[in-house]
Amino acid sequence: MCGRFTREWTWEQVHAFSQPLVLEHLGQSNLEPNYNVCPTNIIDTLVMGAHGKVRIVPMRWGLIPAWWKKTLKEFKLATFNARSETVTEKATFRSAFRRHRCIIPASGYYEWEDTPSGKQPHYYTRRNGQLLGFAGIWDEWTDPETGEIIKSCAMLITEPSKFAARYHDRMPVILEPSQFEDWLTAKSGIEVLQPAAEEVLQEHAVSRRVNSSRADRNDHALIEKIA
DNA sequence: CCAGACGTTGTT
DNA sequence: GTCTGG
DNA sequence: CCAGACGTTGTT
DNA sequence: GTCTGG
């Protein structure tokens, strides 16, 4: 589970899909129309701010634990995904899970199908066209080389629903808006880290141009259904 | 008590 | 085969 | 996740 | 940061 979340989304959409919450800074957008999310890229996340309001915070996708002492180059783990089953145990994730929750908005995500002619990407979106909200955790790390404070995050993954299992054996944890507040405030625990209900997602094949990391992120073929 | 370690995901 | 870049 | 690169020696 | 070993 990896790839680009390329559909255009707006603050209005974010607001609509997170109704139980009050968003700060509506209208101030650091979002790009098309949004390329790959390991070690910077993505936007929703985190709990002061006064019960939600903030949008850009973070590195690929969690660096606060206790990491060596340089960024020496951190070679793929920590962009965290297994729900073990997130409370792993040294890299456990403190972030307790204190630093986030929601990662995305218009969709990709899985790949192995075919005789090569890898065929499929794009998963919400059936009702709204954004998806992935359960995430984040941490804050100080780069010993520059002193820079780097926020980074990981998305939680779990077993797939039957629908998602067609192309992969894992899927991101997709939260419903009613779950957002308890998640962000750490009132809910691992019990909410379940596969999405069968009726939540839809899927369609997209251009294999998705397979190139150099694809133009404004290329609408990356999310459009192919014949 | 202190010192020291701690690592993930996805593949086939 | 394996690592890097996106 | 996939695609794409991966290269030496000598020398100035 | 937080858990383990001694």
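First the proteins, then the strands, lettered A, B, ... as listed; each starts at 1.
Candidate nucleotides B:dT8, E:dT2, B:dG10 were compared by shortest atom distance to the side chain of A:Leu77, and B:dT8 ranks first. Of the candidates B:dC6, D:dA3, B:dT9, B:dT9 carries the atom nearest the A:Thr86 side chain, counting heavy atoms from C-beta on. Ranking B:dG7, E:dG1, B:dG10 by closeness to the A:Arg99 side chain, first place goes to E:dG1. Nearest nucleotide to the A:Ile157 side chain, out of D:dA3, B:dT9, D:dC2: B:dT9. Of the listed nucleotides (B:dT8, B:dC6, D:dA3), B:dT8 has the atom at the smallest distance from the side chain of A:Thr79. Among B:dT12, D:dC2, E:dC3, the nucleotide with an atom closest to any side-chain atom of A:Lys119 is D:dC2.
The ring-ring contact (aromatic ring centres under 6.0 Å, His included) test with A:His100 singles out one residue from A:Trp138, A:Trp141, A:Phe93, A:Trp183, and that residue is A:Trp138.
The residue A:Lys73 sits apart from the nucleic acid: no heavy atom pair falls under 4.0 Å. Among the atoms of the strands shown, only primed sugar atoms or phosphate atoms (P, OP1, OP2) are found under 4.0 Å from some heavy atom of A:Ala82.
A donor-acceptor pair under 3.5 Å is absent between the side-chain atoms of A:Ser161 and the main chain of A:Ala197, judged by distance alone. Judged purely by atom type and a 3.5 angstrom limit, A:Arg60 uses its side chain to pair as donor or acceptor with the backbone of A:Gly62. With hydrogens and angles ignored, the 3.5 Å screen pairs no side-chain donor or acceptor of A:Arg55 with any backbone N or O of A:Val47.
Taking the P atom of each, D:dG7 and C:dG5 are spaced 12 Å apart, rounded to whole Å. Taking the C1' atom of each, B:dG4 and D:dT11 are spaced 50 Å apart, rounded to whole Å. Between E:dC3 and B:dT8, the distance separating the two P atoms is 15 Å to the nearest Å.
Both geometric conditions, a ring-centre gap below 5.5 Å and a plane tilt below 30°, are not fulfilled together for A:Trp67 over the base of E:dT2.
Remark: A:Arg98 is in phosphate contact with E:dC3, judged by side-chain N or O atoms under 4.0 Å from OP1 or OP2. OP1 or OP2 of B:dG10 sits under 4.0 Å from a side-chain N or O of A:Arg83. Checking the phosphate oxygens (OP1, OP2) of B:dT8, no side-chain nitrogen or oxygen of A:Asn81 falls inside 4.0 Å. Between B:dG7 and A:Lys90, no contact under 4.0 Å exists linking OP1 or OP2 to a side-chain N or O.
Geometrically, A:Arg101 engages A:Phe97 in a cation-pi contact defined by less than 6.0 Å to the ring centre and at most 45° from the axis.
Separating the CG atom of A:Asp114 from the C1' atom of D:dA3 is a distance of 15 Å, rounded to the nearest angstrom. For the pair A:Glu111 CD and B:dT9 C1', the interatomic distance rounds to 13 Å; values are reported in whole Å. For the pair A:Glu89 CD and B:dT9 P, the interatomic distance rounds to 11 Å; values are reported in whole Å. Atoms CD (A:Glu159) and P (B:dT9) sit 14 Å apart, rounded to a whole Å. To the nearest angstrom, C1' of D:dC2 lies 13 Å from CG of A:Leu222. Rounded to whole Å, atom C1' of B:dT9 lies 8 Å from atom CZ of A:Phe93. Rounding to whole angstrom units, CH2 of residue A:Trp141 and C1' of E:dT2 are separated by 19 Å. Taking atom CG of residue A:Asn211 and atom C1' of nucleotide D:dA3, one finds them 8 Å apart after rounding to whole Å.
Under the Watson-Crick and G-U wobble criteria, each requiring two contacts below 3.5 Å, nucleotide D:dC2 is paired to C:dG5. Pairing partner, D:dT8: none, since no Watson-Crick or wobble contact has both distances short of 3.5 Å.
Linking ILVMFWY residues whenever their side-chain heavy atoms come closer than 4.5 Å, directly or via other members, places A:Trp67 and A:Phe75 in the same cluster.
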